[in-house]
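I have placed the structure first, in the form of structure tokens, so that the comments after it can refer back to it.
Naming: A, B, ... by sequence-line order, numbering from 1 per chain. What you are looking at is a predicted structure, and each value in this text was computed from that prediction instead of being measured.
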2 protein chains.
Amino acid sequence: MVESWRSQPGSAGNNVYSRLKQQIVSLELPPGTALSEKEVSLAFEVSRTPVRESFVRLAQEDLVVVLPQRGTRVSLIDPDLVEEARFMREQLEKAVVRLACAEFPAERLAELDANLSAQKHSIEKHDGREMFELDEAFHRILFEGCRKQGTWSVLQQMNAHLNRSRMLWLSTDPHWGQLYEQHREITEAIRRQDADTAEQVMQHHLSLMISNLTVLREKHPDYFK
Amino acid sequence: MVESWRSQPGSAGNNVYSRLKQQIVSLELPPGTALSEKEVSLAFEVSRTPVRESFVRLAQEDLVVVLPQRGTRVSLIDPDLVEEARFMREQLEKAVVRLACAEFPAERLAELDANLSAQKHSIEKHDGREMFELDEAFHRILFEGCRKQGTWSVLQQMNAHLNRSRMLWLSTDPHWGQLYEQHREITEAIRRQDADTAEQVMQHHLSLMISNLTVLREKHPDYFK
DNA sequence: TGTTCCATACTACCATACAAGTATGGTAGT
DNA sequence: ACTACCATACTTGTATGGTAGTATGGAACA
């Protein structure tokens, strides 16, 4: 294989999978978009086999739906799944931030500080996309610092649905300032091992992640189930 | 296709996947077992393609590890993942049982009662395998009654690792009696909407699920990472 | 005008051939 | 006896042809 389009280290199948997933979560491929093994294989210049593997993996995460002998399409955003994702994050992150207040590696705390200042810069640059990624990274660092990487990675499966709706939200009013402030408060609570405050702020923080789903739904009715 | 070995409704790929997964979680295929696309395709009388799809899906759940150009084997039980699975269940089930105390459909409550009496019969018959399945069903009903099916199904991915170690535990000392009693207490707490008791019992209940992992590890050192 | 039927062009699904990397055992050379 | 090398038999990764089910548009007919 010539690797013309990309010199990614992984196999072609893995590359197709991660590229497709990225495009789906970023809404570059909007919900409802019809895909097909042949079409994608031509676009990515690989055979149908790795494309098919990607579809299988994406279907397992409910990011695409495969209708046998009919076609494959990017799944519509399921508001129930979005709410469940928020629910899972609320429960798990409250517990994790409590753990973090009991014990958290100094180097991870430093990562949080670095992340916070990066967030500040992103907000000043009004770079929503970058802020989005820093927000994700912030929470991932929390899980990793509590040695809950596996939990985080399973959570990501649900989170993909939440993130698609957050992506829509990105174009309206993300109040990044408020979210940044909460990130800062959480970090400080961890530093002084104040579990009750940390949990309380985290709960409020996560309650803001979904906010007005109905508004988004009215704006993009064809994106939702 | 002749469907000689099975008249399952789903596609060949789905059948291979579910059969393999069942065999892995039940330890019929012990951790570390070498698989190969060819070998499995011969055993299941299908081509390599659906087998390969199954491997991809199982690899995504960390139930098999694929070493490119070298082979595929059933993953070893990762104690960290087992503990994380228990952690996830603890956090999520505590929250769910609280929701159940606030609101729970009468028909689901009836399912819990039916499940409880079935558990009683299984214990009298000393049928550990059936009790295991009823235990799973009990908790699933809780999630479904709170409309958290998606949460349950994502949780299952982590739970597969926990279940493999519970499967080992099955041959030693499951104290099903105590677990049954706790199931009963949880059901009663839901019936009288006593959230604090329900959460407390649930927490204790789930803490028993892992118990002495070190003992299992000494007994089957080759099954663990 | 409206309805039924059918050819056609899709789709995912499966089987199979080939490519490329890896482990292994035997053999030749030292 | 020991080492380096290589043929061989594995493995997974990729490409491709064929099969069966489904949607669709147009023609024949009422």
Set of side chain to side chain contact (heavy atoms under 4.5 Å, CB included) partners for B:Ser26, sequence neighbours left out: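 Per chain and number, B:Ser26 pairs via side chain to side chain contact (heavy atoms under 4.5 Å, CB included) with B:Gln22, B:Glu28, B:Arg129, B:Met167.
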Residue list, side chain to side chain contact (heavy atoms under 4.5 Å, CB included) with B:Glu111, at least two apart or on another chain: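 B:Arg108, B:Ile141.
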Residue pairs involving residues 76-85 of chain B (criterion salt bridge (charged side-chain N to carboxylate O under 4.0 Å, His left out); sequence neighbours excluded):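 Sorted result for residues 76-85 of chain B: B:Asp78-B:Lys225, B:Glu83-B:Arg86.
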In this structure, how many angstroms lie between the [atom2] atom of [N] and the [atom1] atom of [X], rounded?
X: B:Glu37; N: D:dG13; atom1: CD; atom2: P; value: 6 Å
X: A:Leu35; N: C:dT11; atom1: CG; atom2: P; value: 11 Å
X: B:Glu45; N: C:dC14; atom1: CD; atom2: P; value: 15 Å
X: A:Tyr17; N: D:dG13; atom1: OH; atom2: C1'; value: 19 Å
X: A:Glu39; N: C:dA9; atom1: CD; atom2: C1'; value: 15 Å
X: B:Phe44; N: C:dC14; atom1: CZ; atom2: C1'; value: 17 Å
X: A:Arg73; N: D:dT22; atom1: CZ; atom2: P; value: 16 Å
X: B:Asn15; N: C:dC14; atom1: CG; atom2: C1'; value: 14 Å

Taking only residues two or more places apart in sequence or in another chain, which ones pass salt bridge (charged side-chain N to carboxylate O under 4.0 Å, His left out) with [X]?
X: B:Arg89; value: B:Glu93, B:Glu136
X: A:Asp113; value: A:Arg191
X: B:Glu37; value: B:Arg48, B:Arg52

Minimum side-chain heavy-atom gap B:Arg140-B:Gln156 below 4.5 Å: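 Heavy-atom side-chain distance check fails, nothing below 4.5 Å.
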Proximity to DNA chain C (any heavy atom under 4.0 Å), residues of residues 48-64 of chain A only: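 Contacts with DNA chain C under 4.0 Å: A:Arg48, A:Arg52.
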Duplex segments of DNA chain C, taken as runs of at least three Watson-Crick or G-U pairs that stay under 3.5 Å: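 If one scans DNA chain C for consecutive Watson-Crick or G-U pairs, the stems found are C:1-30 with D:1-30.
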Sugar-phosphate, base or nothing in reach of A:Ser41, heavy atoms under 4.0 Å: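 It contacts nothing in the nucleic acid.
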Check: C:dT11 base within 3.5 Å donor-acceptor of A:Gln69 side chain: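 Looking at the base of C:dT11, it does not pair with any donor or acceptor on the side chain of A:Gln69 (distance under 3.5 Å).
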Just distance, no hydrogens or angles: give the donor-acceptor pairs under 3.5 Å from side chains in residues 62-76 of chain B, sequence neighbours left out.
residue	atom	partner	partner atom	Å
B:Arg73	NH1	B:Gly32	O	2.9
B:Ser75	OG	B:Asp62	O	2.8
B:Ser75	OG	B:Leu63	O	3.2
B:Ser75	OG	B:Arg164	NH2	3.0

salt_bridge(A:Glu53, A:Arg57) N-O dist < 4.0 Å: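 Answer for the salt bridge query: no.
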Short side-chain N/O contact to D:dT12 OP1/OP2 from B:Thr72, under 4.0 Å: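 Yes, such a contact exists.
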5' priority, DNA chain D, between A:Pro68 and A:Ser47 [closest heavy atom]: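 Residue closer to the 5' terminus by nearest nucleotide: A:Ser47.
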